[in-house]
Amino acid sequence: MRRTGIEFNRHDYEYDVYSLVKAFIPEEEVVSFYSGETPAGDFDRLFRVLYGDGGYTCIVEEQGGETLREQVELASPEDRFATKNLLKQTVYRMFSELTCRTLPWGTLTGIRPVKLAMHPLEKGQDRKEIAAGLRDTYFLSEEKTNLAIDIAVREREILRGMDYKNGYSLYVGIPFCPSICLYCSFGSHPLKKWRKRVDEYLDCLIREMAFTAEYFSDKKLQTVYIGGGTPTSLTASQLDRVLGEVATRFPMDEVREFTVEAGRPDTITEEKLAVIRRYPVSRISINPQTMNQETLDLVGRGHTVQEITGTFHMARGLGFDNINMDLIVGLPGEGQEEVAHTLEQIRELEPDSLTVHSLALKRAARLNLFRDRYREISFANSQEIMSLCEQTAAGMGMNPYYLYRQKNMAGNFENVGYAKAGKEGIYNILIMEEKQSIAALGAGSVSKRVYPDGLIKRSENVKDVSHYIARIEEMIERKKHLLCDC
Ligand code: SF4
């Protein structure tokens, strides 16, 4: 594998530069280090980002090849936003020239690109002005520029009427799954090992719920999301207990959306769906990820294609009229043909929304840890595949309504949520736009307090279930500290 080293002489913008370089050369090993350090091994290419005399000098030295040099003059080095943009623009130009590649998202390496369209939109800029800003400042392709603006416009419409001052959203995490998928990076816990402690976990979850309900008693609950893990990995009576506690402890009259992520089809039964139907749940998710059995087996999903279609029809039969399905593109061994097959099967099922994820090989995922074992299998994604998903969603009457990016995504693309009008996942948008406070309960959840001036403070619960149980009082204290500024 080719190696590129990035040398910095200052602890600034390292993550931004590293991410952008890595986006240009995902197939290479990229190592960053500071001047004076001696990194292990040789480099095929050395990129030096050196600060001095009120600016940066960027130099690329190819082993046995040419040297490129660009100077970044800074009018005001203390303006971090402008400095970062100038530096990233320079890195982009140099690596675009070196690799003869362009990146659809230009210089952007963050996870919320739609925010960059939303801000000028809220300030009253028209479409043409916003597009010019995205292209000139961040070098976005025309396709991604239009996508970001379309979604910003739609999000704004969907969020109209949300109360950011007195309203809040509730997240309840069930961190258990029947088996752990090969690509999982959520830190979910295998049920086989944890089954005996699930009730104990739920006892703690309900204590956290009791505190939150009391603390927010004068606020308006607007969306509820039961996620995980896989909430339906609970038994029907455990699920009944959780939903019952939510529905009785919190006021439901102002709730615009109540989602239960059923998730893995191998956990869904008619009994559990009937339990969910007894509560004011408005939206569920049944997630195939792919409709190719070979891939499902390879990534350890532990269910069949027939189980996906069977549980989907079962849910429809029980009256669920807002069903989302999640897909992943870039799964091992899957190219355009396999994705086309999946999309065709999804089209026949006619879900109400579709969320398309580009596989992100996060460090924690076993798929990445054992990547050598899968070396001969491709991890492909392409603009053609993303466009195919978009066209299929459009063919089902769906529009893109939310979008986010992750680190290490296959092909450097994005995750997009498509939905029929009125069937969008409002909670998904709130997570991305960060406009409303979210009280998040359970192991690994992150609560967010959004202040009127836009300041955001967070409080995290520990990820490990046994730590969460042992330290539940501390988790409640953390939440109290976040919510009441004490
Ligand atoms: S279903 Fe989701 S949370 Fe559970 S193991 Fe698979 S990827 Fe992880």
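Just so you know, ligand 1 is whichever comes first in the structure, and atom 1 is the first atom listed for that ligand.
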Can you list the atoms of ligand 1 that are under 4.0 Å from a heavy atom of Gly229? 3 (S)
Any carboxylate oxygen within less than 4.0 angstrom of a Lys/Arg side-chain nitrogen, looking at Arg112 and Glu434? yes
Keeping Lys88 on the side-chain end and Thr107 on the backbone end, is there a donor-acceptor pair under 3.5 Å? yes
Heavy-atom nearest pair, Met209 first then Phe250, reads CG-CE1, 3.6 Å
Please state which protein non-hydrogen atom is closest to atom 8 (Fe) of ligand 1 and give its distance, to 0.1 Å? Cys184 SG, 2.3 Å
Mark up the atoms of ligand 1 that fall under 4.0 Å of a heavy atom belonging to Phe186, in ascending order. 3 (S), 8 (Fe)
Flag the pair Tyr418 / Tyr401 as yes when their ring centroid distance falls below 6.0 Å, and as no otherwise. no
Output yes if Cys181 passes the N/O/S-under-2.8 Å test against atom 8 (Fe) of ligand 1; output no otherwise. no
In the protein, what heavy atom is nearest to atom 4 (Fe) of ligand 1, and what distance, to one decimal place, separates them? Cys177 SG, 2.3 Å
Shortest non-hydrogen contact from Arg449 to Leu483? NH1-O, 2.7 Å
I'd like to check which ligand 1 atoms, numbered from 1 as shown, lie under 4.0 Å from a non-hydrogen atom of Ser179. 5 (S)
Using a 4.0 Å cut-off to any heavy atom of Arg301, which atoms of ligand 1 qualify? 1 (S), 6 (Fe)
Is Ser285 reaching over with its side chain to a backbone N or O of Ala262, donor-acceptor style, under 3.5 angstrom? no
For ligand 1, which atoms sit closer than 4.0 Å to a heavy atom of Tyr183? 7 (S)
